[in-house]
Amino acid sequence: MFEGLRFNHWKTSLDDSGIVTLSLDRAGSNVNAISRDVLDELGQIVERLAIEKPAGVLIHSAKPFGFAVGADIKEFVTYAQQGTVLENIENGQRVYESLARLPCPTVAAIHGACMGGGTELILACRQRIAADDDKTRIGLPEVMLGIHPGWGGTARLPRLIGATDALPVMLTGKALSAKRALALGVVDRLAPPAELLAEARALLRRPHVRPFALRAKAWATNTWLARQFLAPMVIKQTAAKVRKEHYPAPFALIDVWKRGGASIQQRLRLEARSVAKLAETSTAQNLIRIFFLQERMKSQGSGIDHGIKHVHVVGAGVMGGDIAAWAAFKGFEVTLQDREMKFIQPALDRARQLYEKKLKTADKVEATVRRLRADVEGKGVATADLAIEAIYENADAKKALYTTIEPQFQSNELLATNTSSIPLDELRVGLKAPQRFLGLHFFNPVAQMPLVEVVRHDQLNADAEKRALAFCKAIGKLPVAVKGTPGFLVNRILMPYLLESMRLYSEGVPGPVLDKEAKKFGMPMGPIELADTVGLDVCASVGKELAPFLGLELPPGLEDKLAAGKRGKKDGQGIYVWQDGKPQKPEVDPDYAVPADLQDRMILPMVNEAVACLADQVVDDADLLDAGVIFGTGFAPFRGGPIQYVRSEGATVVKGKLERLAQRYGERFTPKNGWDLPTLAKSGFEVPTSDAPSQGSNDDA
């Protein structure tokens, strides 16, 4: 059938029953990312199939770890730079539409990750069967890159499963498990992994009839009237989560669906033009840059044997207990030490709740619970490969603890501290093996926050740092190596923002106004709500540690709150009153006039400190600084990080604003060292020269 044709990325075979099997196996890559070459070869194959008319076509992946991780984002960036996004989107649409129009049955057999362009490929097939396996994940995560599906995702998925189910899948970008995909009708059947291809061939011979209720729902939710009725509701729901001016892609997606009629050609035209327009936005460019930075952070621990099987954690408080729970969840043997069992038990209870939420089945929960053991006497230190100290923020107490831990080490164990602000050059004094001592600074809540600061000091061994980076990768975290100066990276940049916001509050600016203005800038949570969530006691403790270094003062009124036992969310009262885990924010006088420079007063101290961190070489480069601040503080991702924000606004403009704030409010706003750095003038982003990841290689996509 394919005599004379040779393909680099596809393998073809024809069996005795007339079924053609197409195996996607992208050359020179461990995963299948849908590139222009992959599409062009598929176009040639489909053109021949349309002539030959086989009994059926089975499409699957020859890669062991997944079907297809999505479009080749490196190529997409090149198209955006060349102004050829529309042309290349339309090319992919033509290939997939040709596949959809084949006159024979077509089935996609899915295992592992099937994301973005890979999901659009399976949607172009008549039927889909997936491996009944925890590793199967199907999704359309394009909104996370500031665009939306462009190879037919918006045109086909709503018509397949109904708009009310399809839109949330595309608007959130969250992947579906195999069972969830079956329940929604994204796939028609599940099969045991070992029988996937055999069951796919059986499906070709005996096509599955979609239930009438699903077909009726798919039709009813896509009529003109339904689209006009549902679209405003979905827009309102989306607007409650993100602002259109910050993240235009979800709103563009809804508009494409609303305007799309019965004709697939019309729906595809709308989709292609919308994606091409979104590709030009700064949001898409910044989110794609962040995606590459995330992949870079993940890769830091690749190919390195961390040699860690047993982790011992000292300190079963919120941080220590949750670090221990997470390490056990990720497969490590963990012992958790504290003075008495009554301090450890709450951590064990929280861990079980986490496992039950994440793992669902009782056998998996129990297996994970068994990996986390209470250890009041601290005997686990002697057999641990990594000991993490997570006690309270007091340098003398930490150093005293190290004198009891280090003598029990046998060979090349790592000793780490979870300190959030104390310089490691101070903590490592007196250690016998300071070269294997470092910081592993996690963020609260540990299960949700992706960043870990790997904190250096002047005697840290490079191999120990690499092992720590590899350990972070093994527990699914994004590591950033930072200099062990006060506050490291994240707290050094975050504290000026929090302290200035609390100073504004003490000056009479209502808390809800401060929170609203911060969210208007793009922060995920306002500073007053954040301070209460972190804990006013923690803010005060870290603030006292950093204030002399940063040239700041604690705002008035903070100590009074603490003296009254009002530490924030954990006490039910801080700056706000908290009920059922939510802040009860007071009503603000509608006539209240928001100061014109309020947003600058909150945000620019953070930006100023970021520039100083870059000048002080707290991190290796500006890209890692932006990534660390975004993943550690939630700094407006669509802005690309504080350094990228300076570039987009103009270093001269931002510096001028700081100078005016300094004249009006005090020296704390004076531009710090670093505003003349050449890196501040650099704009845009460069395409990585290594094999580019795809839109779906993010584990959380």
Side-chain angles (χ1 to χ4, degrees), residues 243 245-246 487 490-534 536 539-540 542-543 546-547 549-558 561 574-576 585-586 588-589 591-613 629-630 633-636 638-639 641-646 648-675 680:
R243 301 172 73 96
E245 64 268 29
H246 295 168
V490 172
N491 279 339
R492 176 172 168 179
I493 289 173
L494 186 63
M495 287 313 296
Y497 163 68
L498 287 179
L499 293 179
E500 187 63 28
S501 298
M502 286 191 278
R503 178 188 289 269
L504 281 159
Y505 177 80
S506 71
E507 292 175 5
V509 181
V513 170
L514 293 165
D515 286 346
K516 184 178 180 180
E517 285 298 307
K519 294 184 77 171
K520 191 182 292 185
F521 177 81
M523 302 300 285
M525 179 185 289
I528 304 303
E529 183 176 344
L530 178 61
D532 262 1
T533 301
V534 170
L536 299 183
C539 291
V542 177
L546 297 184
F549 179 73
L550 299 177
L552 300 174
E553 296 177 356
L554 291 184
L558 182 56
K561 289 277 187 187
I575 297 176
Y576 294 135
K585 298 186 180 182
V588 177
D589 184 343
D591 295 327
Y592 178 81
V594 178
D597 59 2
L598 180 62
Q599 204 175 94
D600 284 345
R601 275 192 67 181
M602 286 192 294
I603 301 299
L604 293 191
M606 184 164 30
V607 174
N608 198 14
E609 202 59 50
V611 171
C613 284
V629 175
I630 287 171
T633 73
F635 184 97
F638 74 94
R639 297 188 185 275
I643 302 302
Q644 190 70 2
Y645 170 74
V646 171
S648 63
E649 295 292 310
T652 303
V653 172
V654 180
K655 184 180 179 183
K657 287 183 177 181
L658 281 165
E659 289 170 343
R660 288 190 291 275
L661 289 173
Q663 291 173 0
R664 186 170 183 181
Y665 299 109
E667 292 184 0
R668 65 186 182 278
F669 290 102
T670 301
K672 297 198 170 186
N673 181 39
W675 284 92
L680 295 184

Counting C-beta onward and ignoring hydrogens, is there a side-chain heavy-atom pair between [X] and [Y] closer than 4.5 Å?
{"X": "L680", "Y": "W675", "value": "yes"}
{"X": "R601", "Y": "F669", "value": "yes"}
{"X": "P496", "Y": "N608", "value": "no"}
{"X": "C539", "Y": "M502", "value": "yes"}
{"X": "L514", "Y": "L598", "value": "yes"}
{"X": "L530", "Y": "L494", "value": "yes"}
{"X": "L552", "Y": "M495", "value": "no"}
{"X": "P555", "Y": "Y505", "value": "no"}

Can you give me the closest heavy-atom contact between [X] and [Y], atom names plus distance?
{"X": "M602", "Y": "A518", "answer": "CE-N, 3.8 Å"}
{"X": "K519", "Y": "R243", "answer": "O-CD, 3.8 Å"}
{"X": "D600", "Y": "L661", "answer": "O-CD1, 3.9 Å"}
{"X": "I493", "Y": "C613", "answer": "CG1-SG, 4.0 Å"}
{"X": "I603", "Y": "F521", "answer": "CG2-CZ, 3.5 Å"}

Please round to the nearest 0.5 Å and tell me the distance separating atom [atom1] of [X] and atom [atom2] of [Y].
{"X": "N491", "Y": "L498", "atom1": "CG", "atom2": "CG", "value": "9.0 Å"}
{"X": "R639", "Y": "M523", "atom1": "CZ", "atom2": "CE", "value": "10.5 Å"}
{"X": "L604", "Y": "K655", "atom1": "CG", "atom2": "NZ", "value": "14.0 Å"}
{"X": "E517", "Y": "S501", "atom1": "CD", "atom2": "OG", "value": "11.0 Å"}

With sequence neighbours excluded, tell me which residues meet salt bridge (Lys or Arg N to Asp or Glu O under 4.0 Å) with E609.
-> R492, K672
Ion pair present between D597 and R664, side-chain N to carboxylate O less than 4.0 angstrom?
->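 Counted as a salt bridge, because a side-chain N and a carboxylate O are separated by less than 4.0 Å.
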Got a sec, which residues hit side chain to side chain contact (heavy atoms under 4.5 Å, CB included) with E553, two or more places apart in sequence or on another chain?
-> R503
Contacts of D515 that satisfy side chain to side chain contact (heavy atoms under 4.5 Å, CB included) - sequence neighbours left out | P527, I528, E529, Y576, K585
Where does the angle between the aromatic ring planes of F638 and H246 fall among parallel (under 30°), tilted (30 to 60°) and perpendicular (over 60°)?
->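 Judged by the thresholds at 30° and 60°, the geometry between F638 and H246 is parallel.
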Is the backbone N or O of I630 less than 3.5 Å from a side-chain atom of T633, with the two atoms forming a donor-acceptor pair by type?
-> no
Exam field: side chain K561 to backbone G574, donor-acceptor pair closer than 3.5 Å =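 Yes; at least one donor-acceptor contact below 3.5 Å.
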Ring centroid separation for Y497 and F635, is it under 6.0 angstrom?
-> no
